[in-house]
Amino acid sequence: MLAELDVAIIGAGVIGLAIANEIAQQEREVFVFEKNRTFGLETSSRNSEIIHAGIYYPEDSLKAKFCVEGKELLYELCDKHGIGYKRLGKVIVAINENEVAQLDNTYEQGRENGVDDLLLLSQAEIKKLEPNIEGKVGLFSPSTGVLDSYSLLRFLHGQARERGARFVFNTEVIGIEKTGTKYKVQIRDREGISTFISKVVVNVAGLSADKVAQFAGLDILKAGYKLHYCKGEYFSLGSRNRVFVSRPIYPVPGKAGLGIHVTPGLDGRIRLGPDARYVDSMDYRVDEAQKEVFYDAVKGFLPTVEFEDLEPEFAGIRPKLQAPGETFLDFVIAHEEKAGFPGLINLIGMESPGLTASPAIARHVRKLVDEILN
Ligand SMILES: Cc1cc2nc3c(=O)[nH]c(=O)nc-3n(C[C@H](O)[C@H](O)[C@H](O)COP(=O)(O)OP(=O)(O)OC[C@H]3O[C@@H](n4cnc5c(N)ncnc54)[C@H](O)[C@@H]3O)c2cc1C
C-alpha cells in the first residue's frame, strides 16, 4: 500500500520551512520533499538578508500585505528564539531632482501600505546619520532590519521537525497526478522512483515552481505562471573606514529590483548588490566584468568608495513572473480549486520580499490547508 500523507510540501526553502512549521503544529502528517541534500540551499541563502519594511509594493498587493505582517512576526520570532538580527533601519537616497520626485512617491506608497514610521531627511540629516553618504533627500525607514537568514532557516527546520514534520532530502518530485480527491506525488531519490499519496500538495519549489505546477496538469502559460530568471549579483567591500555605513543604504528603486544597495552584514562586512539581469540558465557565478556597473551605481551616493575595494561575492536568482520590461506582478498563492485541482496550493513568483513575508505567508497557507482538510 502507498504511504498516505495529509500534506506534501515541495521545497525546503524559507517559505516551505515556515509552512511546514506552521502546519505541523496541528498534528497533521506533513512531509517536505527537497531535491538538495539539505534545506535552504537555493534562493533562501542567496539574498540580501534584509527584513523589509513593506514600502515599495502597491497597496492591497500580497507583497505589501505579507511583508508588513511578516516583518512584525519575524521580529517577534527572532526575539523569542534568539535568531540573529539587527533593526538598523535603512536610508533610501535621491541624488538628483528626478529621484527626489520618485522618492516622494515611495514615501507615499509606504504610508499607504501601513508603514507609518517613515521620515524624510534633508541633506544635512542624511550626513548626520551617515557621514559617508551623499544625497539631496533621504527616506529613513526605522523598521528595516538585517537578518541572520541561516539561523532563521535552522530554527524553522528544527522546530518543524520537533512538531513532527518529516523532511526527505535528496528527493526530487518528478510528477503529480490527481487521483480522485487526492494526489499521487512521484519522487526520485537514490533508490529510484516511488510514490506517495497526499490529500494536499503545497508547491513552494522556488525557481522550479512553474514546472512543478505543470506536473499536476496546469496550463502554466494560460495561468500566467511561467517564471523568468532574474539574476542578482553581489560584490563585497574591504572593511575600510572610507566606505563605512551603519545601516543599509538604497538608491531609489529600479524596474526589476530595488537597485544596487550597500548593506552592512551582521558580521560587519559591507556588501553591494544585487543588480538585476534576466538570464536563461541557473548559473550562480559572479561576472567580474560587472564590477564597473556596481562601482558606477554606488559612487553617486557613496563617493568614498574606490574601484579596487570591490570583490565578487555571490549571486542569487529571482523567480520572476514578470518578463523583461513588464511592470509589477504580485506573488501567486493559489488554491487551484477553480482550475480543477482542489487540494493543490501553488506559490509562484516568490521573489523579494519572500524572506520577510515568510511567517505571514505560512499562516495564510495554513488557513488554506485547514479549509481543505477540515
Ligand atoms: C538576489 C536576491 C535578493 C533578495 N533579497 C531579499 C531580501 O533582502 N529580503 C527579502 O525579504 N527577500 C529577499 N529575496 C527574496 C527571498 O530570498 C525569496 O523570496 C525566498 O528565499 C524564497 O523562498 P522559497 O522557499 O520560496 O524558495 P527557495 O529558497 O528557492 O526554495 C525552493 C526549494 O524548492 C526545492 N525544489 C525545487 N524543485 C523541486 C522539486 N521538483 N522537488 C523537490 N524540491 C524542489 C529547491 O531545491 C529549493 O530548495 C531576495 C531574492 C534574491 C534572488
Side-chain angles (χ1 to χ4, degrees), residues 8-20 31-54 56-57 63 66-67 70-71 74 90 144-147 149 152-153 156-157 167-176 185-189 201-215 227 229-234 248 250 256-258 260-261 263 265 271 273-277 279 282 284 286 313-320 331-333 346-362 365:
I9 297 173
I10 306 166
V14 69
I15 303 179
L17 292 173
I19 293 171
F31 270 50
V32 183
F33 297 104
E34 168 55 57
K35 68 179 161 60
N36 292 326
R37 68 183 158 76
T38 187
F39 56 85
L41 292 184
E42 301 205 346
T43 312
S44 297
S45 54
R46 296 176 166 275
N47 58 63
S48 303
E49 301 187 292
I50 299 279
I51 301 177
H52 284 298
Y56 300 96
Y57 323 100
K63 285 182 180 171
F66 290 136
C67 186
K71 168 184 68 177
L74 199 49
K90 86 170 179 186
T144 301
V146 180
L147 174 73
S149 58
L152 174 67
L153 292 164
L156 291 171
H157 173 243
F167 286 83
V168 195
F169 293 121
N170 291 311
T171 300
E172 183 173 6
V173 170
I174 55 168
I176 302 170
V185 179
Q186 196 176 43
I187 57 161
R188 182 172 48 216
D189 60 16
V201 174
V202 181
N203 165 20
V204 61
L207 292 160
S208 307
D210 55 349
K211 291 184 191 77
V212 170
Q214 202 166 27
F215 289 160
L227 287 172
Y229 302 149
C230 183
K231 188 169 178 178
E233 293 171 310
Y234 293 86
Y250 279 61
L258 299 181
I260 294 175
H261 41 273
T263 304
R271 180 182 291 157
D275 61 350
R277 284 188 299 137
V279 292
M282 274 188 236
Y284 287 115
V286 176
E313 205 185 9
F314 69 92
I317 298 179
R318 302 170 182 86
K320 271 199 175 292
F331 290 150
V332 167
I333 304 177
N346 280 319
L347 289 91
I348 307 194
M350 305 313 288
E351 53 167 334
S352 191
L355 177 65
T356 311
S358 55
I361 293 171
V365 172

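It should be emphasised that the depicted structure is a prediction, and the values quoted were computed from it without experimental measurement. Indexing begins at 1, ligand by ligand and atom by atom, following the structure's order. If you read the sequence from its start, that first residue is 1, and numbering goes on from there.
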Nearest-neighbour protein heavy atom for [atom], which is reported as residue plus atom name and distance:
atom                    : answer
atom 22 (C) of ligand 1 : Met350 O, 3.5 Å
atom 36 (N) of ligand 1 : Lys35 CE, 3.9 Å
atom 50 (C) of ligand 1 : Asn47 CB, 3.4 Å
atom 31 (O) of ligand 1 : Gly13 CA, 3.3 Å
atom 6 (C) of ligand 1  : Ser352 OG, 3.7 Å
atom 48 (C) of ligand 1 : Glu34 OE1, 3.4 Å
atom 8 (O) of ligand 1  : Ile50 N, 3.0 Å
atom 30 (O) of ligand 1 : Thr43 OG1, 3.3 Å

Subset of ligand 1 atoms that lie under 4.0 Å from at least one heavy atom of [X]:
X      : answer
Glu351 : 15 (C), 19 (O)
His52  : 7 (C), 8 (O), 9 (N), 10 (C), 11 (O)
Gly16  : 25 (O)
Gly354 : 11 (O), 12 (N), 19 (O)
Glu49  : 8 (O)

Examine the proximity of ligand 1 to [X] and report which part, side chain or backbone, both or neither, has a heavy atom under 4.0 Å away.
X      : result
Ser48  : both
Ile174 : neither
Ile317 : backbone
Phe314 : neither

Ligand 1 and [X], any nitrogen or oxygen pair closer than 3.5 angstrom?
X      : result
Val14  : yes
Tyr234 : no
Glu172 : no
Asn36  : yes
Leu355 : yes
Ile15  : yes

- Pick whichever of Gly232, Ser44, Cys67 has a heavy atom sitting closest to atom 20 (C) of ligand 1.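 Heavy atom nearest to atom 20 (C) of ligand 1 belongs to Ser44.
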- Item | Ring-face cation of Arg46 near Tyr284 (centre distance under 6.0 Å, axis angle within 45°) |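 The answer is yes, since Arg46 meets both limits relative to Tyr284.
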- Message: Is the shortest side-chain heavy-atom distance between Arg277 and Glu233 below 4.5 Å?
- Response: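 Touching, per the 4.5 Å side-chain cut-off.
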- Task: Classify the side-chain pair Tyr250/Thr263 by whether it contains a donor and acceptor separated by less than 3.5 Å.
- Result: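 Absent: no donor and acceptor within the cut-off.
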- Task: Determine, for Glu42 against Lys35, whether the closest basic-nitrogen to carboxylate-oxygen distance falls under 4.0 angstrom.
- Result: yes
